[in-house]
Amino acid sequence: MPIIQELLRDNYSFEQAESIQIKYHNLITQALKNNYINNFELIETIVGVDISYFKKGNYEYGIACAVIWNLNQKTKIGHYFTKDRINFPYKPGFLGFRECKMLAKVILKIPDKPDIIMCDGHGKIHPKRFGEAVHLGYALNIPSIGIAKNPFIGYSEWHKIEKIKGKKSPIWAEDPKTLTEKQPNELLGYAMCLNDGSKPVFISEGYKTNLDIALKISFYTSTAHRQPEPLYLANFFSRKEVNNHI
DNA sequence: GCGACAG
DNA sequence: ATCTTGTCGC
């Protein structure tokens, strides 16, 4: 499947952006799930992506970093940067339209296509089930997962999680307290602690992945920080690159 | 209607 | 996200 340019433009109105989220979410719902990643053992390389921002004159710019990570060796293989002007304003629910254009650009610099994208933002935990991780994975046709540092929608007892690596709590679309046993609910993701002593992060599936895979990858790429190492490093390098640039 | 709201 | 002073803990 080719790259979907419609998902990589950043000059939509909020109304147009929302209808695109609905359109592609509907397509995901209709899609066959037999080409999803469902075997953790087959994942070799992960790319963690993040953007740091700065202002110059009246304009806002971002520097994106993509960190390539080998899952088995637990090592960084390399990293890439790209710089661009930011056009789309920040608005909760529309982060993908602000960041995916540049994130796609930096990912396409990687010589060997990574098996999975790790995003600093939500995936399915989104009003239209189309958070940045879903958005980016769909645009590039690469499986993806979302790992955010703050909650967005949904109900969970994340504040009760012990700060012990692996401890987790589900995030539901509806408040379980207001539902009876047999009423349906939707599991959006999990809040999980990835390092002893750290606050939890908010993990959800992106594109062509399931929640189980998202949790396993998050767990096994975490070593010394609150976030998985590929995201921690992408944030560290992009921040450093901004500081060097000014 | 009002406030909250990923990065 | 970014800016930014003081403060707490390892």
Side-chain angles (χ1 to χ4, degrees), chain A residues 7 10 14 17-18 21 25 48-67 81-107 117-139 144-156 158-159 163 171-173 175 188-192 194-207 214 218 224-228 230-246:
Chain A
L7 287 170
D10 60 0
F14 292 131
E18 185 174 340
Q21 291 176 338
H25 172 252
V49 288
D50 192 29
I51 299 175
S52 290
Y53 294 90
F54 64 97
K55 280 176 183 167
K56 196 169 186 175
N58 294 317
Y59 294 125
E60 189 177 19
Y61 297 83
I63 293 179
C65 181
V67 169
F81 293 110
T82 196
K83 189 190 99 173
D84 256 323
R85 243 186 76 190
I86 302 292
N87 295 308
F88 203 91
Y90 172 71
K91 186 175 181 178
F94 298 93
L95 184 62
F97 292 95
R98 178 170 165 84
E99 295 197 328
C100 283
K101 184 180 178 182
M102 187 160 36
L103 293 179
K105 194 171 166 184
V106 75
I107 286 172
I117 298 168
M118 185 181 271
C119 248
D120 185 8
H122 291 290
K124 193 182 172 184
I125 302 170
H126 181 276
K128 297 287 183 290
R129 309 295 179 264
F130 207 80
E132 173 170 284
V134 182
H135 190 142
L136 183 60
Y138 203 143
S144 61
I145 64 174
I147 301 164
K149 296 180 293 300
N150 289 291
F152 190 14
I153 64 159
Y155 298 82
S156 84
W158 63 271
H159 49 281
K163 292 181 175 177
I171 300 163
W172 298 100
D175 188 351
L188 296 179
Y190 270 88
M192 183 157 85
L194 294 178
N195 194 51
D196 290 354
S198 295
K199 292 203 304 184
V201 294
F202 300 83
I203 301 170
S204 59
E205 58 189 62
Y207 182 62
S218 303
H225 302 94
R226 184 191 175 197
Q227 295 171 289
L231 283 186
Y232 172 83
L233 291 173
N235 177 265
F236 180 83
F237 288 139
S238 64
R239 185 68 254 167
K240 198 168 76 170
E241 196 68 9
V242 164
N243 289 334
N244 289 341
H245 200 273
I246 298 174

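First the proteins, then the strands, lettered A, B, ... as listed; each starts at 1. Please read these numbers as outputs of a predicted model, since none were measured by experiment.
At B:dG7, one or more side-chain N or O atoms of A:Asn150 fall inside 4.0 Å of OP1 or OP2 (strictly under the cut-off). A sub-4.0 Å separation between OP1 or OP2 of B:dA6 and a side-chain N or O of A:Lys149 is absent.
The nearest whole Å value for the distance from the CG atom in A:Asp10 to the C1' atom in B:dG7 is 15 Å. In this structure, A:Ile86 atom CD1 and C:dT2 atom C1' are separated by 13 Å, rounded to whole Å. We find that CD of A:Glu132 is positioned 12 Å from C1' of C:dA1, with the value rounded to whole Å. Between A:Phe54 atom CZ and B:dG7 atom C1' there is a gap of 17 Å when expressed in whole angstrom units. Atom-to-atom, CG of A:Asn235 to C1' of B:dA6 comes out at 14 Å; the value is rounded to the nearest Å. Nucleotide C:dT4 holds its P atom 12 Å from the NZ atom of A:Lys55, rounded to whole Å. For the pair A:Ile51 CD1 and C:dT2 C1', the computed distance is 14 Å after rounding to whole Å. A straight line from NE2 of A:His126 to C1' of B:dC5 spans 11 Å, rounded to a whole angstrom.
Using a 4.0 Å cut-off between charged nitrogen and carboxylate oxygen, A:Asp84 and A:Lys105 count as a salt-bridge pair.
Look at A:Tyr90 and the base of B:dG7; the rings stack, centres closer than 5.5 Å and planes less than 30° apart.
A:Arg98 has its side chain within reach of A:Tyr53: a pair of non-hydrogen atoms, C-beta onward, lies under 4.5 Å apart.
Heavy-atom neighbours of A:Lys149 NZ from other residues, nucleotides or ligands within 6.0 Å: above the threshold of 12.
Nucleic acid contact for A:Phe94: base, since at least one base atom lies under 4.0 Å from a heavy atom of the residue. When heavy atoms are screened at a 4.0 angstrom cut-off, A:Gly62 is found touching no nucleic acid atom at all.
Between A:Ser198 and A:Arg226 the shortest heavy-atom distance is OG-CA, 3.7 Å.
Residue A:Arg239 has its side chain nearest to C:dC3 when only C:dC3, B:dA6, B:dG7 are considered. Candidate nucleotides B:dC5, C:dA1, B:dG7 were compared by shortest atom distance to the side chain of A:Tyr53, and C:dA1 ranks first. Of the candidates B:dG7, B:dA6, C:dT2, C:dT2 carries the atom nearest the A:Ser52 side chain, counting heavy atoms from C-beta on.
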Exercise for review: Could you go through the side-chain contact (heavy atoms from CB on, under 4.5 Å) check for A:Asn195 and A:His225 one step at a time?
Suggested key: CA-CA 6 Å; A:Asn195 194 51; A:His225 302 94; 5.7 Å; no
Practice item. Go through the steps to decide whether A:Phe130 and A:Tyr207 satisfy the test ring-ring contact (aromatic ring centres under 6.0 Å, His included), and finish with yes or no. Key: CA-CA 9 Å; A:Phe130 207 80; A:Tyr207 182 62; 8.8 Å; no
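Within the 3.5 Å criterion, the main-chain N or O of A:Ala133 finds a donor-acceptor partner in the side chain of A:Ser144.
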Protein-nucleic acid N or O pairs under 3.5 Å, nucleotides 6-10 of chain C:
none

